[in-house]
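To start, the structure itself, in structure tokens.
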Amino acid sequence: RIVDSFEGVLTGKGLAYGGSLYRPEATGYGVVYFTREVLEDRGDSFAGERCLVSGSGNVAQYCADKLHKLGAQVLTLSDLQGTILMEGGFHAEQIKYVFDLKNTKRGRMSEFLTAYPDAKYFPGANPWD
């Protein structure tokens with residue numbers, strides 16, 4: 001029945017919007033777990049797959065982290081100002097750097113180039129361009 005109220009938790013959202021303080025990884029991991037099930041149903045897996053991740057916030061960070069742990073190559077992360085492309089895939093320490101850059105320093109993806117100058121940056125572009 002449709003009523004004019006909200007009761008529940010939307011993971012990945014701020015507390016003011018009904019989000020959860022306890023599981024920041026839930027939505028990003030959930031995207032990967034769901035997709036893994038689809039792949040397994042088709043006899044496939046993430047191993048060796050090249051994946052584009054759009055965004056660099058909470059969901060994208062944990063999505064990239066889990067994809068990497070499952071053997072995928074994460075090629076992109078982005079923000080409103082542009083996209084970083086790592087042609088060989090982001091390594092674990094680079095994903096960790098993005099966590100720090102976005103969550104602690106509150107930086108932009110363009111700043112990733114300071115630590116990893118071999119990355120390619122496309123200002124104003126998104127991963128699908």
Side-chain angles (χ1 to χ4, degrees):
R1 185 167 132 196
I2 299 175
V3 295
D4 190 21
S5 70
F6 172 79
E7 296 176 15
V9 172
L10 300 171
T11 56
K13 302 294 179 202
L15 292 176
Y17 300 101
S20 173
L21 186 61
Y22 302 106
R23 295 189 57 232
E25 74 282 359
T27 305
Y29 280 12
V31 167
V32 176
Y33 291 148
F34 174 82
T35 308
R36 180 180 66 182
E37 292 299 314
V38 172
L39 289 170
E40 287 178 355
D41 191 53
R42 295 171 181 236
D44 206 350
S45 73
F46 278 116
E49 294 293 338
R50 295 163 43 101
C51 300
L52 305 179
V53 176
S54 178
S56 57
N58 187 51
V59 175
Q61 290 168 26
Y62 283 103
C63 181
D65 177 60
K66 186 53 71 176
L67 285 168
H68 181 266
K69 288 177 180 172
L70 292 176
Q73 283 187 309
V74 177
L75 301 180
T76 63
L77 286 165
S78 63
D79 60 21
L80 292 174
Q81 293 180 345
T83 295
I84 291 286
L85 169 67
M86 295 297 294
E87 291 182 335
F90 282 82
H91 298 291
E93 66 273 3
Q94 294 167 325
I95 294 170
K96 184 178 177 183
Y97 181 84
V98 172
F99 271 78
D100 183 59
L101 175 65
K102 300 303 281 186
N103 300 329
T104 304
K105 297 176 183 171
R106 310 306 284 175
R108 307 305 296 174
M109 284 307 296
S110 59
E111 297 171 45
F112 183 86
L113 295 172
T114 303
Y116 299 98
D118 292 338
K120 292 186 178 178
Y121 180 66
F122 299 92
N126 65 56
W128 323 118
D129 291 341

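As the structure is a prediction and not an experimental result, all values here were calculated from the model. In what follows, residues are counted from 1 in the order of the sequence shown.
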Under 3.5 Å, sequence neighbours excluded: what are the donor-acceptor pairs made by side chains of residues 108-129?
unit_1: Arg108; atom_1: NE; unit_2: Gln81; atom_2: OE1; d: 3.4
unit_1: Glu111; atom_1: OE2; unit_2: Arg108; atom_2: N; d: 2.9
unit_1: Thr114; atom_1: OG1; unit_2: Glu111; atom_2: O; d: 3.3
unit_1: Lys120; atom_1: NZ; unit_2: Glu87; atom_2: OE2; d: 2.8
unit_1: Tyr121; atom_1: OH; unit_2: Gln81; atom_2: O; d: 3.0
unit_1: Asn126; atom_1: OD1; unit_2: Trp128; atom_2: N; d: 2.8
unit_1: Asn126; atom_1: OD1; unit_2: Asp129; atom_2: N; d: 3.3
unit_1: Asp129; atom_1: OD2; unit_2: Asn126; atom_2: N; d: 3.0

Problem - Joint hydrophobic cluster, Leu75 plus Leu77, side-chain heavy atoms closer than 4.5 Å - result: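 Different hydrophobic clusters.
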Practice task
Establish whether Tyr62 and Val32 are linked, either directly or via other cluster members, by ILVMFWY side-chain heavy-atom contacts under 4.5 Å.
Solution key: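 Same hydrophobic cluster.
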In residues 37-56, what donor-acceptor pairs under 3.5 Å come from side-chain atoms, sequence neighbours left out?
unit_1: Ser45; atom_1: OG; unit_2: Ala47; atom_2: N; d: 3.2
unit_1: Ser56; atom_1: OG; unit_2: Ser78; atom_2: O; d: 2.9
unit_1: Ser56; atom_1: OG; unit_2: Lys102; atom_2: NZ; d: 3.4

Handout entry: Inter- and intrachain pairs under salt bridge (charged side-chain N to carboxylate O under 4.0 Å, His left out), touching residues 53-63, at least two apart
Key = none
Practice task
Any pair with a residue in residues 51-60 that passes salt bridge (charged side-chain N to carboxylate O under 4.0 Å, His left out), sequence neighbours left out, goes on the list, sorted by first then second residue, please.
Solution key: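 Matches after skipping sequence neighbours: none remain.
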Would you tabulate the side-chain donor-acceptor contacts of residues 65-72 under 3.5 Å, counting partners in other chains and residues two or more places apart, or write 'none'?
unit_1: Asp65; atom_1: OD2; unit_2: Tyr29; atom_2: OH; d: 3.0
unit_1: Asp65; atom_1: OD2; unit_2: Lys69; atom_2: NZ; d: 3.2
unit_1: Lys66; atom_1: NZ; unit_2: Tyr33; atom_2: OH; d: 3.4

Practice task
Using modelled atom types only, decide if a donor and an acceptor are shared between the side chain of Asn103 and the backbone of Arg106 within a distance under 3.5 Å.
Solution key: no
Under 3.5 Å, which donor-acceptor pairs link side chains of residues 89-101 to any protein atom two or more places apart or in another chain?
unit_1: Gln94; atom_1: OE1; unit_2: His91; atom_2: N; d: 2.7
unit_1: Asp100; atom_1: OD1; unit_2: Thr104; atom_2: OG1; d: 3.2

